[in-house]
Amino acid sequence: LTAGKAHPMMLASDDLLLVGDVDKVHAYKQSTDTMSRNVLNLPAGYEVVGFAEPEEGYDTVVFATTARGTNKRGRSQTFWWSIDRPASWYKSPPIPDDECSAPFAAYGTVGCFTRSRTNRNRSVLRLYEDSQWKPKFYWAGALPTIGGVEFQNNMVVWNSDGVIYRWGP
């Protein structure tokens, strides 16, 4: 694994532990104690931010950005992938903001938090609906970190700069 970089992880429904490593995804299978390297390769310049698995459990969505933890313009994108098609993704809709964080699955789809491209002081909760990343909630504050999102009573709950926010459809 690349030293000095974050390595987001997710236990997928097929019992593979997925590990992000800059622009690559590795998979660990506990039952055979096997680590498979580079099961998915993203375009150069992207860094894996996290994973989400829609409720049907067939696909894994890999969230990545070129602007992780920076104050520069970047690109954020999702890579929809199935382990039965290793090393390739079948769609990659861009997220219309510079940076993304804390991906999650809820309401039959996936979502994430983004830093607004037009107003750097504004953060956005987005859900993927009708083949688009639709904004659902705006606030002035930091993006939540991976693991900083919970679901309570059918609502997304997160912490931003010490303030607890809730949103639900």
Side-chain angles (χ1 to χ4, degrees), residues 1-115 123-129 131 133 142-152 156-160:
L1 299 176
T2 304
K5 294 291 187 176
H7 297 96
M9 297 182 206
M10 182 188 82
L11 184 60
S13 62
D14 55 6
D15 290 327
L16 284 176
L17 178 65
L18 301 176
V19 181
D21 185 20
V22 187
D23 59 354
K24 299 182 178 0
V25 176
H26 310 303
Y28 174 73
K29 187 166 191 161
Q30 183 179 5
S31 63
T32 60
D33 192 27
T34 304
M35 176 69 111
S36 299
R37 299 187 61 78
N38 305 337
V39 295
L40 180 66
N41 298 303
L42 304 183
Y46 280 93
E47 184 176 345
V48 175
V49 170
F51 306 92
E53 195 171 59
E55 293 165 355
E56 91 280 334
Y58 182 73
D59 294 323
T60 299
V61 183
V62 180
F63 291 74
T65 187
T66 62
R68 186 176 196 160
T70 68
N71 282 323
K72 65 177 186 172
R73 298 256 347 208
R75 294 179 315 276
S76 291
Q77 199 150 342
T78 52
F79 298 89
W80 295 65
W81 171 61
S82 176
I83 192 69
D84 64 352
R85 292 183 251 187
S88 66
W89 60 88
Y90 66 91
K91 70 179 176 179
S92 60
I95 300 169
D97 281 328
D98 294 331
E99 184 180 1
C100 66
S101 177
F104 60 89
Y107 315 114
T109 188
V110 294
C112 67
F113 297 85
T114 65
R115 173 80 60 220
S123 295
V124 186
L125 164 65
R126 292 182 177 274
L127 291 181
Y128 190 71
E129 298 176 330
S131 299
W133 285 100
L143 295 174
T145 60
I146 294 174
V149 179
E150 294 184 8
F151 297 91
Q152 300 172 356
V156 182
V157 180
W158 69 98
N159 181 326
S160 172

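In this chain, residues are counted from 1 in sequence order. No hydrogens, no waters, no symmetry mates; every other heavy atom, side chains included, goes into these values.
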Taking all heavy atoms of P54 and all of V110, pick out the closest pair and write down the distance. CG-CG1, 3.8 Å

How many angstroms lie between atom CG of D97 and atom CG of L143, to the nearest 0.5 angstrom? 9.0 Å

How far does CZ of F51 sit from CG of L40, to the nearest 0.5 angstrom? 8.5 Å

Does a sphere of radius 6.0 Å around NZ in K91 hold more than 12 heavy atoms from other residues, nucleotides or ligands, not counting ones at 6.0 Å or beyond? yes

Between T2 and D21 (side chain of the first, backbone of the second, donor and acceptor by atom type, cut-off under 3.5 Å), is there such a pair? no

What orientation do W133 and F63 show, parallel under 30°, tilted 30 to 60°, or perpendicular over 60°? perpendicular

Evaluate the side-chain proximity of F79 to L42: yes if any heavy-atom separation is below 4.5 Å, no if none is. yes

Could you state the interatomic distance from OG1 (T34) to CG (L16), rounded to the nearest 0.5 Å? 10.0 Å

Could you pull out the closest heavy-atom pair between Y107 and E55, with the gap in Å? N-OE2, 3.6 Å

Please report the shortest heavy-atom distance between I95 and T114, naming the atom on each side. CG2-CG2, 3.6 Å

Gap between atom OG of S123 and atom CH2 of W158 - 0.5 Å precision: 9.5 Å

From OG (S76) to CZ (R115), nearest 0.5 Å: 11.5 Å

Can you tell me how far the CD atom of Q30 sits from the CG atom of L11, to the nearest 0.5 Å? 9.0 Å

Quick one: closest heavy-atom pair of C112 and F104, and the distance? N-CE2, 3.6 Å

For Q77 and P93, work out which heavy atoms get closest and say how close. CG-O, 3.7 Å

Side chain to side chain contact (heavy atoms under 4.5 Å, CB included) between Y28 and D33, intermediate numbers included: CA-CA 7 Å; Y28 174 73; D33 192 27; 2.7 Å; yes

Can any side-chain N or O of D23 pair as donor or acceptor with the backbone N or O of Y46 at less than 3.5 Å? no

Can you spot which of T145, V124, V149 makes a side-chain contact (heavy atoms from CB on, under 4.5 Å) with F113? V149

Within the supplied structure, the quantity of interest is the number of heavy atoms (other residues, nucleotides, ligands) at a distance under 6.0 Å from E129 CD; does it exceed 12? yes

Over all atoms of both residues, closest heavy-atom pair of V49 and C100: CG1-O, 3.5 Å

Should H26 and M35 count as side-chain neighbours, where that means a heavy-atom distance under 4.5 Å? yes

